[in-house]
Amino acid sequence: KEPLFSYNPESGEASCLIEDKDGNIIYGIAKCHPDDMDMANEKTGCNYAYKRAYIKVLQAYKKELKIQLGALNQLYYSMNRSKYFNPKSYENKMLQRQIRQKQDDISYVNGSIKNTKDELNYIIKVNQITKKMHMLKTLLNMLKTSLFFFLKIKHFTTNNFNFLFLNINL
């Protein structure tokens, strides 16, 4: 099923609900920091919430895989202790293949979790840099405006020094 998203523009809170293959509902939430409310938007918040929910889905799947791997290892241990155990048997080879497949699946899921966390951290850092650039741009515009007024006043005072001086004394 498709994930469900919600966004509250007043609070800057986004949420994402994902239903896994077993019908469990897994959620992710993203809250905008109060200092960043001027830059809050639905797309970014829902993206953060989705990534957090997706990480939880992968972690639940990894937990399930570990349980399955444990069961397979227990079966192998039991078979291995039998006096009739044949390491070359079809059953043993298939069991070994399933164990390796579960181990590979767990490694793949671990990599997916790491990549998703890294991607989320990267997006957060890019947005922080964007915020800093926005602040610097605002500061630069304020400085330009201040400099413009300063130069206008400076020009006015050099040409009409006496007039300005008389107005200040009154």
Any side-chain heavy atom of [X] sitting closer than 4.5 Å to one from [Y]?
{"X": "Ser112", "Y": "Tyr108", "value": "yes"}
{"X": "His134", "Y": "Thr138", "value": "yes"}
{"X": "Val126", "Y": "Thr130", "value": "yes"}
{"X": "Ile124", "Y": "Gln128", "value": "yes"}
{"X": "Gln68", "Y": "Glu64", "value": "yes"}
{"X": "Ser78", "Y": "Gln74", "value": "yes"}

(Q) Could you tell me if Asn41 and Thr44 have a donor-acceptor pair between their side chains, going purely by distance under 3.5 Å? (A)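 Yes, a side-chain donor-acceptor pair sits under 3.5 Å.
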Q: Consider only side-chain N and O atoms of Gln101 and Asp105, and report whether a donor and an acceptor are under 3.5 Å apart.
A: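 Yes, because at least one side-chain N or O of Gln101 sits under 3.5 Å from a partner of the opposite role on Asp105.
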[atom1] of [X]: more than 12 outside heavy atoms within 6.0 angstrom?
{"X": "Met135", "atom1": "CE", "answer": "no"}
{"X": "Tyr7", "atom1": "OH", "answer": "yes"}
{"X": "Lys31", "atom1": "NZ", "answer": "no"}
{"X": "Tyr27", "atom1": "OH", "answer": "no"}
{"X": "Met133", "atom1": "CE", "answer": "no"}

(Q) Please check: side-chain N/O of Asn121 versus main-chain N/O of Lys117, any donor-acceptor pairing under 3.5 Å? (A)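 Flag set: sc Asn121 to bb Lys117 pair under 3.5 Å.
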Q. Can you get from Ile18 to Leu120 by hopping between Ile, Leu, Val, Met, Phe, Trp and Tyr side chains that sit under 4.5 Å apart?
A.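 Each belongs to a different hydrophobic cluster.
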Q | Leu65-Ile99 co-clustered via ILVMFWY side chain contacts under 4.5 Å | A |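 Yes, same cluster.
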Q.
For Ile113 versus Lys62, what's the shortest heavy-atom pair and its separation?
A.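 Answer, listing the atom of Ile113 first, then Lys62: CD1-CD, 4.2 Å.
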